[in-house]
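Single-structure report; data block below.
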Amino acid sequence: KVFSLDWNPRFGTDYQGDIRNFSAKDMPWKPDVVCASPDCTDFARWRMRGLSPALRERFLRGELKPPDVDLIRQTMRVIGEAKPDAWILENIHGSKPFIEPIAGPVRNRLGPYYLYGDYPSFTVNDPKMLFGKSRIGSGPDQAAQRAEIPRSVAEGFLNAIERGLR
């Protein structure tokens, strides 16, 4: 069984709303596995700032704020409440210095995808992953497409759990 959560009602999830207002008690059963892909927009912007000396100087002078990590904290809160047997959190390279203090070190890097969590080791052989999210076009579903954990990553993760590898 899958329990899904999203703030956007278009996706027909089990729970439609903000994770900040969600508790593991709201799930109809205890999950064995949690897969999460919090919004990466702030981290992507932050990474771009890091590449610009002028923007970096503005940050060092206190004129720019670091990314908001509240969604990461709330995701980790729900994972802590749910106590799943395994969990994975996916995000981008620019998130690493902000997510690691909250979720622990990167466990795996698959192309541009940085994976955190407590899960059995796995690899993915998918050449499309080298291009990551940069190949996602624009449109009304762009944000949702960018937030998806790639199918090959999700399948590798779930296959590893089913095999019971540690």
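- Evaluation of the side chain to side chain contact (heavy atoms under 4.5 Å, CB included) rule for Ala154 yields Ile149 as partners, not counting sequence neighbours.
- Annotation: side chain of Ser152 is not in contact with side chain of Tyr113 (no heavy-atom distance under 4.5 Å).
- Considering only heavy atoms from C-beta on, Met27 comes within 4.5 Å of Phe22 through its side chain.
- When all heavy atoms of Asp26 and Tyr15 are compared, the pair lying nearest together is OD2-CE1, 4.4 Å.
- Between Ile92 and Pro112, the closest side-chain pair of non-hydrogen atoms is not below 4.5 Å.
- With Arg20 contributing its side chain and Asp70 its backbone, the two residues share no donor-acceptor pair below 3.5 Å.
- The CD1 atom of Ile88 sits 5.0 Å away from the CZ atom of Phe157 when rounded to the nearest 0.5 Å.
- Separating the CG atom in Leu115 from the CD1 atom in Ile99 is a distance of 10.5 Å, to the nearest 0.5 Å.
- In this structure a side-chain-to-backbone donor-acceptor pair under 3.5 Å is present from Gln16 to Trp7.
- Looking only at distances, no side-chain donor or acceptor of Lys96 sits under 3.5 Å from a matching main-chain atom of Val106.
- Taking each heavy atom of Ile102 and Met76 in turn, the nearest pair found is CG2-CG, 3.7 Å.
- Gln74 contributes atom CD, which lies 8.0 Å from atom CG of Asp18 (distance to the nearest 0.5 angstrom).
- With rounding to the nearest 0.5 angstrom, the CD1 atom of Ile72 is 13.0 Å from the CZ atom of Arg77.
- Smallest separation of non-hydrogen atoms from Ser121 and Ala160: O-CB, 3.7 Å.
- Of the possible polar contacts, none joining the Arg151 side chain to the Val153 backbone as a donor-acceptor pair under 3.5 Å is found.
- In this structure, Arg73 CZ and Asp68 CG are separated by 9.5 Å, a value rounded to the nearest 0.5 Å.
- Side-chain atoms of Tyr119 and Asn108, non-hydrogen and from C-beta on, do get closer than 4.5 Å to each other.
- Atom CG in Asp85 sits 8.5 Å away from atom CD1 in Ile161 (nearest 0.5 Å).
- Side chain of Asn159 to main chain of Gly156: no donor-acceptor pair is present (N/O by atom type, distance under 3.5 Å, no hydrogens or angles).
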List the steps, then state whether side-chain contact (heavy atoms from CB on, under 4.5 Å) holds for Asn91 with Tyr114. CA-CA 5 Å; Asn91 220 286; Tyr114 282 63; 5.6 Å; no
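- Looking at Asp14, its side chain does come within 3.5 Å of a backbone N or O of Ser4 through a donor-acceptor pair.
- Taking 4.5 Å as the limit, some side-chain heavy atom of Ile19 sits within range of a side-chain heavy atom of Val78.
- Side-chain contact check for Phe122 versus Leu110: some heavy-atom pair is nearer than 4.5 Å.
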How far apart are the C-alpha atoms of Glu90 and Cys40, what are their side-chain angles, what is the distance that settles it, and do they pass the side-chain contact (heavy atoms from CB on, under 4.5 Å) test? CA-CA 9 Å; Glu90 175 274 333; Cys40 66; over 6 Å; no
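- Between Trp87 and Thr75, the closest side-chain pair of non-hydrogen atoms is not below 4.5 Å.
- For Lys25, the NZ atom counts as loosely surrounded, since its 6.0 Å shell holds 12 or fewer non-hydrogen atoms of other residues, nucleotides or ligands.
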